[in-house]
Trainee: 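Starting off with a structure, shown below.
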Amino acid sequence: MRHIRHHMFCHHVGLNGLWDFTPLPGERLSDFRPESSSGPARPMAVPGSWAEQYGDLKNYFGLTRYDRVFRVPHAWREQAVFLRVGAANQSAKVYVNGYCIAEQQFGHLPFEGRCEHAIRWGQDNRITVAVEMPIDPWALPPARLRQGEGRAGFWDSEPAVAYDFFPYGGIHRPVTLYALPRTHIRNVAVATPTDDDHSFRLVATVEVEGDQADVARLVVDGRTAQSPIEVGGQATLTMAFPQARRWCPDDPHLYTGEVQLLRGDSVVDRSPVTFGLRSVRVADGQLLLNGDPIRLRGFGKHEDFPVIGKALCESLIVRDFDLMRWIGANSFRTSHYPYAEETLDLADRLGFLVVGETSLVGLEERFFERPEQLRDACAILRQMIERDANHPSVITWSVANEPNVRSERGAGFFEQLADTARRADPTRPVMYVAHGDTSNNRGMTHFDLIGVNKYFGWYEELGQLEHSAEALSRYLDQMHSACGKPILLAEYGADAVAGLHGFGDELFSEEYQAAIIETQTRVAETKPYVIGTHVWNFADFQTAQSPKRVTMNRKGVFTRDRNPKLAAHTLCRMWSEV
Ligand code: BDP
């Protein structure tokens, strides 16, 4: 699939805006027929979450259809025409004039298909996207099997999802129609391995569709490399960078170049390529960026905002990076799903380090028994890596959040996920994010980095600041001696209702949250094997309803609308000391 940035360099039409929307209660995506008539439609913004746009849809979880009419520029007649959806939650099928051209089972990941065979030139064309947001115990991520199950039976919620964020349905990322020459570049995957003498190589794997080109060429800073296109449509281009300007948070230098397809002397297609030269690896118990140990300071986040829900909003992304810069963070985790491509583009430009996470959250033993779940989990992981591997900001792949792995079979499931990630991308370490202890995290030894989520002072040692510090210290040491890997404290914190104050030990007060975060951060910083701390969460976020949530999860150090709580000022002070 062509990288989103490349659209700027080919003919494209954005199909965001108001679509006709119809809920189809009781129907399933598997039986959907685009020609069947449905009830009266109402306007729905794309990108957007339906639950945020209409009060009566707040708790609608099921099948819906989005329709709109579009015209295709006549000049595209001899071209290959694609329709691309950045992401829809949770599963979707796309039809052009009744022909299904693409589908996606997994939310938060793009999908596209060629559609020139379905287009009516010079006439109106109907595009229909059927989107389903199931509350289904076997979806990924899943709902609970029964009330009381999931998240280790921790609590019940409505809807009964096995994860702690609101199951927003909708077309959440841009819909784009674009055209390429019939013979074109499908994808350029870059890897930037380091040689023994610390010089970099750029290895660009070019996938070609169509048979009207014989050579692929890479042009960067006036230098070129070229190679014949092999049977099967692939070419590998290599260029050495002995004097590389390395990408790092203080100097996030991006190289830009171009890949061209040639037939004889004429250029058949061209595609930009952007990359950063940096190395990331785990050695001597440390996470090394360009050979030097790096400490991560930052957050687990969510894609979540009032009215917008889970949809892409570029001003919100820019604002969040500005707030992260202000507070002194240098990194974040895309908890608990792959974020918009635009977010990673900005992280590349601004020099943030990203833990890229899949949507595999809420996994427990029942999943490890079913081969189709392993197949789907690997597919999600591979699709994320394929989409994001060109981003220098992404330093590790987190395969899942807080699975409950007690059996040999579960350990095998995670071994396979680790292998899948390493096969898809041998250049980055692979992370496992644990909660609990060694008994429910079998298989974590297959990973290079371990994230641990622990809420001392909140879910454990409630209200006891001092004990919570000792408890964290002991816990980190135990986990480290069990796994022998560098550890990221990937979640810790406490809920605080903005505006609620106290003397420091009142639950839900801003003071208590600030104190917990400060104490726990300081404990983690004393551990040589801890490679960083990610506070949970950057901002308050919407969840399913539950007795443990005052309308939402309030562990943000910013409110949902991005005002700082006391903890934000505390972190700003602490991180400015670094
Ligand atoms: C962690 C989960 C996260 C929750 C958090 C919490 O990974 O998704 O939001 O707990 O309870 O265990 O706030």
Trainee: How many angstroms lie between atom CG of Leu381 and atom CD of Gln383, to the nearest 0.5 angstrom?
Mentor: 10.0 Å
Trainee: Assign the ring pair His480 / Tyr529 to parallel, tilted or perpendicular, where the plane angle (0 to 90°) is split at 30° and 60°.
Mentor: parallel
Trainee: Below 30° counts as parallel, above 60° as perpendicular, anything between as tilted: where do the rings of Phe508 and Trp458 land?
Mentor: perpendicular
Trainee: Could you check whether Ser393 and Asp348, counting side-chain N and O atoms only, form a donor-acceptor pair closer than 3.5 Å?
Mentor: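 Their side chains do contain a donor-acceptor pair, which is all the 3.5 Å distance test asks for.
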Trainee: Which of parallel (below 30°), tilted (30 to 60°) and perpendicular (above 60°) describes Phe166 and Tyr168?
Mentor: tilted
Trainee: Between Thr358 (side chain) and Val399 (backbone), is there a donor-acceptor pair under 3.5 Å?
Mentor: yes
Trainee: Could you check whether Lys454 makes a cation-pi contact with Tyr475, meaning its NZ or CZ is under 6.0 Å from the centre of the six-membered ring and within 45° of the ring axis?
Mentor: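 Yes, Lys454 lies over the aromatic ring of Tyr475.
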Trainee: Can you find a heavy atom in the side chain of Val452 that is under 4.5 Å from one in the side chain of Tyr492?
Mentor: no
Trainee: For a 4.5 angstrom cut-off between non-hydrogen side-chain atoms, does Glu303 reach Thr334?
Mentor: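 Result no, sub-4.5 Å side-chain heavy-atom pair not found.
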Trainee: Closest heavy-atom contact between Ala496 and Ser509?
Mentor: CB-O, 3.6 Å
Trainee: Given the side-chain rings of Trp536 and Phe541, with only the six-membered ring counted for Trp, is the space between their centroids under 6.0 Å?
Mentor: yes
Trainee: I'd like to know if the side chain of Asn290 and the backbone of Trp247 have a donor-acceptor N/O pair within less than 3.5 Å.
Mentor: yes
Trainee: Under the ring pair (Phe, Tyr, Trp, His ring centres under 6.0 Å) criterion, do Phe414 and Phe368 qualify, and how do the steps go?
Mentor: CA-CA 9 Å; Phe414 278 86; Phe368 312 142; 5.7 Å; yes
Trainee: In Å and rounded to the nearest 0.5 Å, what is the CD1 to OG1 distance from Ile380 to Thr420?
Mentor: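 One gets 12.0 Å once the value is rounded to the nearest 0.5 Å.
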Trainee: In terms of side-chain geometry, is the basic nitrogen of Glu460 or Arg474 positioned less than 4.0 Å from the acidic oxygen of its partner?
Mentor: no
Trainee: If every non-hydrogen atom of Pro429 is compared with every non-hydrogen atom of Ile395, which pair is closest and at what distance?
Mentor: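 Answer, listing the atom of Pro429 first, then Ile395: CD-O, 3.3 Å.
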Trainee: So which atom in Pro486 and which in Val282 form the shortest heavy-atom distance, rounded to 0.1 Å?
Mentor: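 Looking at all heavy atoms of both residues, the shortest contact is CG-CG1, 3.7 Å.
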Trainee: Do the rings of Tyr337 and Tyr339 sit parallel, tilted or perpendicular, given the 30° and 60° boundaries?
Mentor: tilted
Trainee: Could you pull out the closest heavy-atom pair between Ile517 and Gly493, with the gap in Å?
Mentor: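 That closest heavy-atom pairing would be CG1-CA, 4.2 Å.
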Trainee: Looking at Asp322 and Arg319, is any side-chain nitrogen of the basic one under 4.0 Å from a carboxylate oxygen of the acidic one?
Mentor: yes
Trainee: Does NZ or CZ of Lys485 fall inside the cone over Tyr432's six-membered ring, less than 6.0 Å from its centre and within 45° of the axis?
Mentor: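 No cation-pi geometry.
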Trainee: Does any donor atom in the side chain of Ser335 or His302 lie under 3.5 Å from an acceptor atom in the other side chain?
Mentor: no
Trainee: Is the backbone N or O of Glu364 less than 3.5 Å from a side-chain atom of Asn404, with the two atoms forming a donor-acceptor pair by type?
Mentor: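 Side chain of Asn404 to backbone of Glu364, a donor-acceptor pair under 3.5 Å: no, none is there.
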Trainee: Are more than 12 heavy atoms, taken from residues, nucleotides or ligands other than Arg349, located less than 6.0 Å from that residue's CZ atom?
Mentor: no
Trainee: Give a yes or no on whether a salt bridge exists between Glu386 and Arg382, defined as a side-chain N under 4.0 angstrom from a carboxylate O.
Mentor: no
Trainee: Does the side chain of Arg245 come within less than 4.5 Å of Asp251's, by heavy atoms?
Mentor: yes
Trainee: Would you say CG of Asp284 has more than 12 non-hydrogen atoms from neighbouring residues, nucleotides or ligands within 6.0 angstrom?
Mentor: no
Trainee: Does a salt bridge link Glu341 with Arg84, judged by any charged N lying under 4.0 Å from a carboxylate O?
Mentor: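 Result for this pair is yes, salt bridge flagged.
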Trainee: Do Asp448 and Arg428 sit within salt-bridge range, that is, some charged N less than 4.0 Å from a carboxylate O?
Mentor: no
Trainee: Side-chain contact, heavy-atom cut-off 4.5 Å: Leu360 with Pro403?
Mentor: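 Result no, sub-4.5 Å side-chain heavy-atom pair not found.
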Trainee: Is atom CZ of Arg281 surrounded by more than 12 heavy atoms (other residues, nucleotides or ligands) closer than 6.0 Å?
Mentor: no
Trainee: Looking at every heavy atom in both Val405 and Ala411, which two are closest together, and how far apart are they?
Mentor: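 Taking Val405 first and Ala411 second, the nearest heavy atoms are CG1-N, 3.5 Å.
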Trainee: So Thr438 and Met444, do their side chains get closer than 4.5 Å, heavy atoms only?
Mentor: yes
Trainee: Establish, from distance only, whether the side-chain atoms of Arg333 and His534 form a donor-acceptor pair under 3.5 Å.
Mentor: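 No.
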Trainee: Taking side-chain hydrogen bond (donor to acceptor under 3.5 Å, both in side chains) as the criterion, tell me which of Lys310, His108, Arg173 meets it with Asn89.
Mentor: His108
Trainee: Can you list everything that forms a side-chain hydrogen bond (donor to acceptor under 3.5 Å, both in side chains) with Thr396? Sequence neighbours excluded, please.
Mentor: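 Counting only residues at least two positions away or on another chain, Thr396 forms no side-chain hydrogen bond (donor to acceptor under 3.5 Å, both in side chains).
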Trainee: Are Phe332 and Phe538 close enough that their ring centers fall under 6.0 Å?
Mentor: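 That pair fails the under 6.0 Å test.
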Trainee: Looking at Arg573 and Glu518, is any side-chain nitrogen of the basic one under 4.0 Å from a carboxylate oxygen of the acidic one?
Mentor: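 Here Glu518 pairs with Arg573 in a salt bridge, since their nearest N and O are under 4.0 Å apart.
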Trainee: Got a second to check how far Met552's CE is from Thr543's OG1, nearest 0.5 Å?
Mentor: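 Here the rounded value is 8.5 Å.
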Trainee: If you measure from CG on Leu489 to CD on Gln520, what distance do you get to the nearest 0.5 Å?
Mentor: 7.5 Å
Trainee: Are Phe241 and Phe200 near enough that their ring centres are under 6.0 Å apart?
Mentor: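 No, too far apart.
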Trainee: Would you say the side chains of His435 and Asn453 form a donor-acceptor pair under 3.5 Å?
Mentor: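 Absent: no donor and acceptor within the cut-off.
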Trainee: May I ask you to check whether Asn553 and Asp164 show a side-chain donor-acceptor distance below 3.5 Å?
Mentor: yes
Trainee: Are side-chain N/O atoms of Gln542 and Glu52 paired as donor and acceptor at under 3.5 Å?
Mentor: no
Trainee: Salt bridge between Lys565 and Glu510, side-chain N to carboxylate O under 4.0 Å?
Mentor: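 Looking at Glu510 together with Lys565, the answer is no, because their closest N to O distance does not fall below 4.0 Å.
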Trainee: Where do Thr533 and Ala524 come nearest, in terms of heavy atoms and distance?
Mentor: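 Closest heavy-atom pair between Thr533 and Ala524: CG2-CB, 3.6 Å.
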Trainee: Please identify each residue that fulfils side-chain hydrogen bond (donor to acceptor under 3.5 Å, both in side chains) with Lys301, with sequence neighbours left out.
Mentor: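 side-chain hydrogen bond (donor to acceptor under 3.5 Å, both in side chains) list for Lys301, sorted by chain: Asp320.
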Trainee: Quick one: do Phe367 and Phe413 satisfy ring pair (Phe, Tyr, Trp, His ring centres under 6.0 Å)? Show the steps, please.
Mentor: CA-CA 9 Å; Phe367 284 94; Phe413 188 100; 8.0 Å; no
Trainee: State, yes or no, whether a side-chain contact exists between Val535 and Arg297 at a heavy-atom distance under 4.5 Å.
Mentor: no
Trainee: Do the rings of His336 and Phe165 sit parallel, tilted or perpendicular, given the 30° and 60° boundaries?
Mentor: tilted
